[in-house]
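Report on the following structure.
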Amino acid sequence: MKLSKIVLLVAIAAAVVAFFVLDLDRFLSLDYLRQSQANFSALYAESPWLVRGTYFAVYVAVAALSLPGAAILTLAGGGIFGLAWGLLLVSFASSIGATLSFLAARFVLRDGVQAKFGARLAELNQGVARDGALYLFSLRLIPVVPFFVINLLMGLPALRTWTFYWVSQLGMLIGTAVYVNAGTQLASLQSLKDVASPGLLGAFVLLGLLPFIAKATMNFIQKRKVYARWNAVRPDTFDRNLIVIGGGAGGLVSAYIAAVVKAKVTLVEAHKMGGDCLNYGCVPSKTLIKSAKLAHQMQHAERYGLYSASRTFDAASSQFSFKKVMQRIHEVIAAIEPHDSVERYTGLGVEVLQGYAKIINPWTVEIALNGGDKQVLTTRSIVIAAGARPFVPPLPGLADVGYVTSDTLWDAFAKLDDVPQRLVVLGGGPIGCELAQSFARLSSQVTQIEMAPRIMIREDEEVSVLAAKALTADGVQVLTQHKALRCEAVGGEKTLVVEHAGVEKRIPFDQLLCAVGRSARLTGYGLEELGIPTDKTVQTNDYLQTIYPNIYAAGDVAGPFQFTHTAAHQAWYAAVNALFGDFKLFKADYSVIPWATFIDPEVARVGLNEQDAKEKKIAYEVTKYNIDDLDRAICDSETQGFVKVLTVPGKDTILGVTIVGTHAGDLLAEYVLAMKHGLGLNKILGTIHTYPTLAEANKYAAGEWKRAHQPHKLLEWVRKFHDWRRS
């Protein structure tokens, strides 16, 4: 702790101790006040400004130090100065004192508390940032809540000092007036109960609820306002309970949930059921990765004691059919397709329409069916789950030389007889890394271009370094800090021009893959006409509602994550809120979100990594277990990687986990479960893990934490006990 904070703490503690040691609290009793009222009144008549100033200073000090007696001082203000002057002095003195207490709590405690409990306080911080003035005003209206507690708690989140002051000044005014007015009748008061009767306190509690009632009323007014221009077209009855736009993960889950609870639901999909994940993303890419991994193992069969007939196995001589590799990808897609098919969802009770949906008004959707007809349906609620598409950078000449994306490469490359000889991959994120490594393992000469200082920039630096080494070992030329400038085609040779350290460089290629990210599909659904705000994604509140409370968004189109599993996760909230939100709304929970990058070795993460914790100034400890020590990994010759766990300092509470290694995405599930249900490393350590499995890495990581937190002093006494037992 800084010296300035220590000095302030010591000064406050000394003042409080002196208050009680010197028995100063006897001057802040109702009996003393009644006995001395005449003397104070006489002194006030003789030196009014001196008495006012002294009283004001004493009140500020008592409020700032959170000393008992503020209620008595407030009564004294009415008894000595009368209602007008008493109310003026007490109102400002109490607000200034409270603000000083607020600032002291912020200066001394906030950094430490936020560093230690930042993750747990995230929701409180967001709530205060959004509605802090409302919460504070409500608490100030209820004298039952000790004001010093309010001062302390409000000093921890990022509430502006001026906001705290003026809200306190306004919020305490009614209660102050009651007490000051009671003080004008000081002689008749026998105890504070005469002022704060149960009836009066009950009235204050009801008064404290007024802001929330007012907020609900404002929300109702806002709702009426946003729907005002559509009132004339609001239908009296509805054709559907829910219409879902988009047949990807978010849309399928939304429609499924609606069907399960017997709502009448229509799902609209213009192209392929299953969305990006089935047709262009997760399924085809992981199928490709499997083929590439097997090719890599065949090329390095000698590691496992396997040889060809000539007792050599040369990677260059290994034969395979690229056409069959791509054919297998489409076969896998076809095998999984029935899970997301029109027939399956129709059987579940969902009406599936194939066409383009456009929202005409908050309750009406027009569907241009693929067959050429149009259908107009009314609905109580709408879920937009339109997904995302690959972002294509505006490079000069890109369209002239041609390119593929993570969406189009599966059909485009299926037409090729051989793997692209020279492949340039634009982008160093998860998609770019997965595809670059896979095609390199299938014997493409791959050059990966990344403008940032390292690939996989969202991960810790050591993870990026390990990933770059793995890709390089497989033949990928990883060029970081290289900016793509333009594409050129000269004499039939296609070239990408990049810039690095101020120097241009030309990279020839046969195929160019754009994998620089994905952007939400925001046009063509009527969002512009309805005035629904979009900024890279559809803007929603915590309940996934747009500005129209009956229109929701889920999945990639809503963000902030672009994972199939988070789309499905959001879909539950969107569907349940859309169908039952009039009774209860549920906030989407993003507290434990896992993800994985399926390069070899895999990279999987949940919660915070070190760079996140540092950016958010959250205190943490690191425990690391290297997988090269794990028996099963040694057996499988898969020893690259580690398990890294971030915990609360001194505790086994898990803040985040990064796993690098084979099947890291599967191993992560144990930590996801632990974090979701508040289980610490001690629980993982105490769980039996099958031997020999990769999952033991999780147990050994917990063991590393336990070893680092041994009770050394206690163990020394235990050692002495055993020595004594042997004597």
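Computed over heavy atoms, backbone and side chain alike; hydrogens, waters and symmetry mates excluded.
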So do L369 and Q375 actually touch side chain to side chain, heavy atoms under 4.5 Å?
-> yes
H339 (side chain) donor-acceptor with E337 (main chain) under 3.5 angstrom | no
S444 side chain to V446 backbone, donor-acceptor under 3.5 Å = no
For L530 and P362, which heavy atoms make the closest approach, and how far apart are they?
-> CD2-N, 4.2 Å
Residues, nucleotides or ligands: over 12 heavy atoms within 6.0 Å of H663 NE2 | no
Short N-O contact, D589 and K676, less than 4.0 angstrom = yes
Does the side chain to side chain contact (heavy atoms under 4.5 Å, CB included) test come out yes or no for V233 and I360, once each step is laid out?
-> CA-CA 10 Å; V233 296; I360 305 303; over 6 Å; no
Residues Y552 and A578: closest non-hydrogen pair is CE1-CA, 3.5 Å
Pairwise side-chain contact, R441 with Q437, heavy-atom cut-off 4.5 Å (strictly under) | yes
Quick one: do the H296 and D474 side chains pair a donor with an acceptor below 3.5 Å?
-> yes
Of all heavy-atom pairs linking Y573 and L544, the shortest is CB-CD1, 3.9 Å
Is the count of non-hydrogen atoms from other residues, nucleotides or ligands lying under 6.0 Å from K293 atom NZ greater than 12?
-> yes
E615 side chain to Q611 side chain, donor-acceptor N/O pair below 3.5 angstrom = no
Kindly indicate, with the supporting measurements, whether the criterion side chain to side chain contact (heavy atoms under 4.5 Å, CB included) is fulfilled by L527 and T546.
-> CA-CA 10 Å; L527 305 182; T546 65; over 6 Å; no
Write down the atom of L496, the atom of A484, and the distance for their closest heavy-atom approach.
-> CD1-CB, 4.1 Å
Using modelled atom types only, decide if a donor and an acceptor are shared between the side chain of D460 and the backbone of V463 within a distance under 3.5 Å.
-> no
How far does OG1 of T495 sit from CZ of R486, to the nearest 0.5 angstrom?
-> 10.0 Å
Is S341 reaching over with its side chain to a backbone N or O of P338, donor-acceptor style, under 3.5 angstrom?
-> yes
Go through E462 and K644 one step at a time and tell me if the side chain to side chain contact (heavy atoms under 4.5 Å, CB included) criterion holds.
-> CA-CA 11 Å; E462 64 178 324; K644 182 165 69 170; 2.5 Å; yes
Neighbour count >12 (heavy atoms, 6.0 Å) for atom NZ, K323 | yes
Can you tell if the side chain of S406 reaches within under 4.5 Å of the side chain of S285, non-hydrogen atoms only?
-> no
Scanning both residues in full, the closest heavy-atom pair of G531 with I547 reads O-CD1, 3.3 Å
Is there a donor-acceptor pair under 3.5 Å between the side chain of N241 and the backbone N or O of R380?
-> no
Under the side chain to side chain contact (heavy atoms under 4.5 Å, CB included) rule, what do V603 and C433 come out as? Steps first, then yes or no, please.
-> CA-CA 11 Å; V603 177; C433 288; over 6 Å; no
Any L252 side-chain heavy atom under 4.5 Å of M273 side chain | yes
Check the side chains of D239 and T378 for a donor-acceptor pair under 3.5 angstrom, ignoring hydrogens and angles.
-> yes
S464 side chain vs M456 backbone, donor-acceptor pair below 3.5 Å | yes
With the threshold set at 4.0 Å, does a side-chain nitrogen-carboxylate oxygen contact exist between E459 and R605?
-> yes
If we only count heavy atoms from C-beta on, is the L435 to L423 side-chain gap below 4.5 Å?
-> no
Approximate separation, where rounding is to 0.5 Å, of R240 CZ and L267 CG = 12.0 Å
Presence of salt bridge, K286 and E434, under 4.0 angstrom | yes
Nearest 0.5 Å, what's the CD1-SG distance between I333 and C277?
-> 10.0 Å
Side-chain contact test, heavy atoms from C-beta onward, threshold under 4.5 Å: evaluate it for I507 versus H482 and give yes or no.
-> no
Keeping the roles fixed (side chain from T408, backbone from V404), state whether a donor-acceptor pair exists under 3.5 Å.
-> no
Side-chain (E269) to main-chain (G275) donor-acceptor, under 3.5 angstrom = no
Note: E366 and K374 closest approach over all heavy atoms is OE1-NZ, 3.7 Å
Partner of L608 under side-chain contact (heavy atoms from CB on, under 4.5 Å), chosen from V657, I618, T658 = I618
Report the residues that fulfil ring-ring contact (aromatic ring centres under 6.0 Å, His included) with F439, sequence neighbours left out, ordered by chain and then residue number.
-> F413
Please work out which of the three classes, parallel, tilted or perpendicular, describes the rings of F563 and W595, given edges at 30° and 60°.
-> parallel
Spatial distance of atom CD1 (I593) from atom CZ (F561) [nearest 0.5 Å] = 5.0 Å
Do side-chain atoms of N541 reach the backbone of Y543 as a donor and acceptor pair under 3.5 angstrom?
-> yes
Would you indicate whether the side-chain heavy atoms of Y548 and I382 approach each other to under 4.5 Å?
-> no
Side chain proximity check, F580 to L585, heavy atoms < 4.5 angstrom = no
Say you draw a straight line from CE of M675 to CG of L668; how long is it, rounded to the nearest 0.5 Å?
-> 9.0 Å
Spell out, as yes or no, whether a donor-acceptor pair under 3.5 Å connects the side chain of Q448 to the backbone of V478.
-> no
When rounded to the nearest 0.5 angstrom, what distance separates NZ in K264 from OG1 in T266?
-> 7.5 Å
Count the heavy atoms belonging to other residues, nucleotides or ligands that lie under 6.0 Å from OH of Y403, then report whether that count exceeds 12.
-> no
Quick one: sort the Y256 and Y345 rings into parallel, tilted or perpendicular, breaks at 30° and 60°.
-> perpendicular
